[in-house]
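Before any comments, here is the structure.
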Amino acid sequence: MTEPAAFRARVLALVARIPEGRVMTYGQLALLAGQPGAARQAGFVMNSLMGEGELPWQRVINAQGRVSTHRLGFGDMQEQLLAAEGVIFDATGRCDLSRLQWWPEEAAHTGPAPLL
DNA sequence: AGTGTGACACTAA
DNA sequence: GTTAGTGCCACAC
């Protein structure tokens with residue numbers, strides 16, 4: 001299942017499971033999708049989707065706790081959407097990842113998830 | 001087929 | 001705490 005299509009499908013499935021008010025990082029998605037180091041691809045998948053369905057793409061942010069859509073002009077929108085879910089962004093545009101980062105039940109632990 | 005680019009992550013300074 | 005450099009994989013040109 002190392003095919004790009006499978007990777008994309010897994011990322012989508014993971015994103016779809018992110019609870020409201022919680023977030024996941026690109027690297028985390030890539031790791032859980034079975035492709036550690038493919039964080040950029042996770043972002044590429046999102047870019048390919050962006051508005052395809054009811055997918056909460058807004059809950060995917062980078063490892064710094066910042067939104068990475070500022071360049072696309074979606075930065076403010078994403079922050080606002082997350083803020084509406086209870087995610088607090090500080091003055092520097094960052095949020096508390098250690099508290100908001102969500103892990104799926106399959107990986108239910110605080111450390112790295114070597115599953116899949 | 002090779003080069004450049006990108007919704008990233010990690011380490012070092 | 002931050003910014004800069006390097007590695008990563010897939011896609012577009």
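Order of the sequence lines fixes the chain letters, A, B, ..., with proteins taken first and strands second; residue numbering starts at 1 for each chain. For the numbers below, each heavy atom of this structure counts, side chains included, while hydrogens, waters and symmetry mates do not.
Between the P atom of B/dC8 and the CD atom of A/Gln35 lies a distance of 18 Å, rounded to the nearest Å. Atom pair A/Arg94:CZ and C/dT2:C1' shows a separation of 9 Å (rounding to whole Å applied). Atom CZ in A/Phe7 sits roughly 13 Å away from atom P in B/dC8 (whole-Å rounding). The interatomic distance linking A/Tyr26 (OH) with C/dA10 (P) rounds to 18 Å, in whole Å. If you measure from atom CD of A/Gln64 to atom P of B/dA7, you get 15 Å, rounded to the nearest angstrom. For A/Met46 and B/dC8, the CE to C1' distance is 13 Å, given to the nearest whole Å. B/dG6 atom C1' lies 9 Å from atom CD of A/Gln41, rounded to whole Å. Taking atom CG on A/Leu29 and atom P on B/dA9, their separation rounds to 9 Å, with Å as the unit.
Backbone-only contact: A/Phe44 has heavy atoms under 4.0 Å from sugar-phosphate atoms and none from a base. Within the nucleic acid shown, A/Arg8 has no heavy atom closer than 4.0 Å to any nucleic acid atom.
Shortest non-hydrogen contact noted between A/Tyr26 and A/Ala42 is O-CB, 3.7 Å.
Base pairing analysis places C/dC13 opposite B/dG2; the two distances defining the Watson-Crick or G-U wobble pair are each below 3.5 Å.
With hydrophobic clusters built from ILVMFWY side chains whose heavy atoms lie under 4.5 angstrom apart, A/Leu49 shares a cluster with A/Val60.
For the side chain to side chain contact (heavy atoms under 4.5 Å, CB included) criterion with A/Arg59, the lone passing option out of A/Glu20, A/Arg22, A/Met24 is A/Glu20.
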Could you go through the side-chain contact (heavy atoms from CB on, under 4.5 Å) check for A/Gln28 and A/Gln101 one step at a time? CA-CA 10 Å; A/Gln28 184 184 2; A/Gln101 186 171 21; 2.7 Å; yes
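Residue A/Asn62 places its side chain closer to B/dA9 than to any other of B/dA9, B/dA7, C/dA10. Closest to the side chain of A/Trp57, from the set B/dA7, B/dG6, C/dT2, is B/dA7. The listed nucleotides are B/dA7, C/dC9, B/dC8; the one nearest the side chain of A/Arg40 is B/dC8. Listed nucleotides C/dC9, C/dT2, B/dA9 differ in distance to A/Thr25; the shortest reach to its side chain belongs to B/dA9.
Around atom CG of A/Asp76, no more than 12 heavy atoms belonging to other residues, nucleotides or ligands sit under 6.0 Å away.
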